[in-house]
Amino acid sequence: MAGNILDRFKETVEEVREAVNGKKVKVGIIGTGWIAEAHVKNYQRCEDVEIVAAADLIPGKAEKFCKANGLSGVRLYPDHKSMLDAEELDAVSICTYNKTHAECAIYALKKGVNVLLEKPMCVTVEEAAEICKAEKESGKILSIGFQPRFDENMKMVKKVVQSGELGQIYYIQTGGGRRRGIPTPYGTSFIEEKTAGLGALADIGCYSLDMVLNAINYPKPLTVSGYTSSFFGKDPAYFEKHPEYADVFSVDDFAAAFIRLEGGIVIDFRIAWAMNLDTSGDTIILGTKGGLRIPSTECWNGSIGGPLKIYKTVAGEEVEMEIPEKENGEDNFYKKIRYFIDAVKEGGSAPVPSAQILYNQAIIDGIAKSAAIGREIEIIIPEV
């Protein structure tokens, strides 16, 4: 019996289709920090893409970035507005600070340019709604940079849940994080409120939430009771080489929440950049007919830490069924870029639609707001 159930979840790795016919898609890069390198690297793999422009607020940074990444003939601009005003672009990748995601995305969409917006979508739910409004008015594609969506194991999580094998879902435990992993190798942009807005909650918490929310088809969030702290980030001893970082640390390095969703589902969530544990626990999805365990990773990396396990009662016996880890074939970040370009060329739908990530952002924003006042709040999502 167990073998028959597992047969339902056999699948082959999806091949990434390389669309190379026709004119090249003209792309601009907004923000030339370290994440932009991954965008450029994967755009360069697409024969039907030409990177023609780049913008950065810091003088000389875009020029240095282009030289380091083998980009020649790229026109450089001091900000996103001057680039979008001057260029006729098909698409942009927005790789700026979290706090500037909204203004860059909205301006690009209003200019009639398709947008690949890095995660997190933005900082507040109000900003997210304004981005969605601009997308709706423009008729252009807006895709959010959640590459774990394209991981074959993540797809399997959704397939298991959607199969009905677990029955009615009622409780989810999810999260993750790092024992020591506050992201400062590239300076302080991730740890200052003025640039990041939020810390671990948005940086890696958005991924963890998307994994489970996508599996259950993103029901509307209703209420949240949130908690955040920054004990490690504000301790100079944590930053051995740069103790001064503790003086500017102004975001969260840990967050936890209890979230109620439509359909009677609750999420028990926690995420960390730093904690005195190797993991905050596996992701667990409980249903009326079965349970699913998704092993945690050492550092939340957008995949799983081992084979999925389904727990059920079969013929009166309590059984465990293991689903082996799947090979991804192609890199998930490349898939993120490739699927976006395909959508732009074909007028297709966004690979990661903003309508879903609006709910993701509403939860993140709700956690931060609840934590600030120390009580449960209703999640209010503005009209789009």
Side-chain angles (χ1 to χ4, degrees), residues 26-36 39-40 51-59 61-62 65 75-146 186-199 201-203 206 250-251 340 344 350 352-362 364-365 368-369 380-384:
K26 294 182 179 180
V27 172
I29 307 295
I30 300 176
T32 56
W34 70 272
I35 195 62
H39 283 251
V40 166
I51 299 173
V52 300
D56 200 288
L57 294 173
I58 300 174
K61 187 176 178 182
F65 174 86
R75 293 176 288 277
L76 306 179
Y77 296 89
D79 55 65
H80 69 285
K81 288 185 177 181
S82 59
M83 184 181 83
L84 289 162
D85 288 346
E87 297 284 342
E88 291 187 8
L89 300 171
D90 298 306
V92 292
S93 273
I94 296 176
C95 307
T96 61
Y97 305 139
N98 298 350
K99 275 276 189 116
T100 59
H101 279 190
E103 63 175 293
C104 293
I106 291 169
Y107 198 82
L109 289 165
K110 288 184 175 181
K111 283 289 184 176
V113 178
N114 299 288
V115 173
L116 176 55
L117 177 59
E118 256 306 329
K119 62 82 190 168
M121 186 176 185
C122 47
V123 177
T124 70
V125 68
E126 290 82 10
E127 288 176 336
E130 289 302 312
I131 294 172
C132 291
K133 286 179 184 177
E135 175 194 15
K136 186 176 180 180
E137 292 168 359
S138 72
K140 293 299 179 179
I141 293 167
L142 168 65
S143 189
I144 315 301
F146 283 61
Y186 303 94
T188 61
S189 60
F190 278 90
I191 66 172
E192 292 192 76
E193 195 278 336
K194 67 181 181 181
T195 50
L198 299 167
L201 170 59
D203 180 43
C206 66
S250 47
V251 295
F340 170 65
V344 169
V352 181
S354 62
Q356 293 180 344
I357 309 307
L358 173 62
Y359 283 3
N360 187 297
Q361 194 68 49
I364 289 170
D365 184 47
K369 288 174 178 174
I380 305 296
I381 301 173
E383 285 287 330
V384 174

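- Of the charged side-chain nitrogens involved, at least one lies within less than 4.0 Å of a carboxylate oxygen, so that Glu193 and Lys99 count as a salt-bridged pair.
- Heavy atoms only, all atoms of each residue included: Ala105 and Leu117 are closest at CB-CD2, 4.2 Å.
- Between Met121 and Cys132, the closest side-chain pair of non-hydrogen atoms falls below 4.5 Å.
- Judged purely by distance below 3.5 Å, without hydrogens or angles, the side chains of Glu135 and Ser354 pair a donor atom with an acceptor atom.
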side-chain contact (heavy atoms from CB on, under 4.5 Å) between Leu109 and Glu137, worked out
CA-CA 8 Å; Leu109 289 165; Glu137 292 168 359; over 6 Å; no
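- A donor and an acceptor atom, one from each side chain of Asp79 and Ser82, are located under 3.5 Å apart.
- Note that CZ of Phe146 is 4.5 Å distant from CD1 of Ile357, once rounded to the nearest 0.5 Å.
- Atom-to-atom distance recorded for Leu76:CG and Phe65:CZ is 11.0 Å, nearest 0.5 angstrom.
- Using modelled atom types, one side-chain atom of Ser143 and one backbone atom of Val352 make a donor-acceptor pair closer than 3.5 Å.
- Pairing each heavy atom of Pro120 with each of Asn98, the nearest pair is CD-OD1, 3.4 Å.
- Under the 4.5 Å side-chain criterion, counting only non-hydrogen atoms from C-beta, Pro382 is in contact with Val125.
- Side-chain contact between Ile364 and Val123 is absent, with no heavy-atom pair separated by less than 4.5 Å.
- Ring orientation note: the planes of His80 and Tyr107 are nearly perpendicular, at an angle over 60° on the 30°/60° scale.
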Verdict with reasoning, Glu126 to Lys369, per salt bridge (Lys or Arg N to Asp or Glu O under 4.0 Å)
CA-CA 13 Å; Glu126 290 82 10; Lys369 288 174 178 174; 3.1 Å; yes
Report the C-alpha distance between Lys111 and Asp85 in whole Å, list the side-chain angles of each, state the deciding distance to 0.1 Å, and finish with yes or no for side-chain contact (heavy atoms from CB on, under 4.5 Å).
CA-CA 8 Å; Lys111 283 289 184 176; Asp85 288 346; 2.9 Å; yes
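- Contact of the Ile51 side chain with the Ile29 side chain is registered, since non-hydrogen atoms from C-beta on lie closer than 4.5 Å.
- Each of Ile144, Thr96, Ile30 was compared with His101 under the side chain to side chain contact (heavy atoms under 4.5 Å, CB included) criterion, and only Thr96 meets it.
- A donor atom on one side chain and an acceptor atom on the other are found under 3.5 Å apart for His39 and Glu118.
- Residues Cys122 and Gln361 meet the side-chain proximity criterion, which asks for heavy atoms closer than 4.5 Å.
- For the pair Asn114 and Phe340, the minimum side-chain heavy-atom distance is below 4.5 Å.
- Under 4.0 Å is where a charged nitrogen must lie from a carboxylate oxygen, and between Glu88 and Lys26 no such pair does.
- Here the shortest heavy-atom pairing between Ala368 and Leu198 reads CB-CD2, 3.8 Å.
- Using a 4.0 Å cut-off between charged nitrogen and carboxylate oxygen, Lys133 and Glu127 do not count as a salt-bridge pair.
- Residues Cys95 and Ile35 share a closest heavy-atom pair of CB-CG2, 3.6 Å.
- A distance of 9.5 Å separates CH2 of Trp34 from OG of Ser189, quoted to the nearest 0.5 Å.
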side-chain contact (heavy atoms from CB on, under 4.5 Å) between Val113 and Lys140: does it pass, once the steps are laid out?
CA-CA 7 Å; Val113 178; Lys140 293 299 179 179; over 6 Å; no
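- The shortest distance between side-chain heavy atoms of Val115 and Ile94 falls below 4.5 Å.
- Side chains of Leu358 and Ile381 form a contact here, defined as non-hydrogen atoms less than 4.5 Å apart.
- Here the shortest heavy-atom pairing between Gly145 and Lys119 reads O-CG, 3.6 Å.
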Going through the distances and angles, do Glu192 and Val251 end up as a side-chain contact (heavy atoms from CB on, under 4.5 Å)?
CA-CA 6 Å; Glu192 292 192 76; Val251 295; over 6 Å; no
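- Once rounded to the nearest 0.5 Å, the distance linking CG of Asp56 with OH of Tyr77 reads 14.5 Å.
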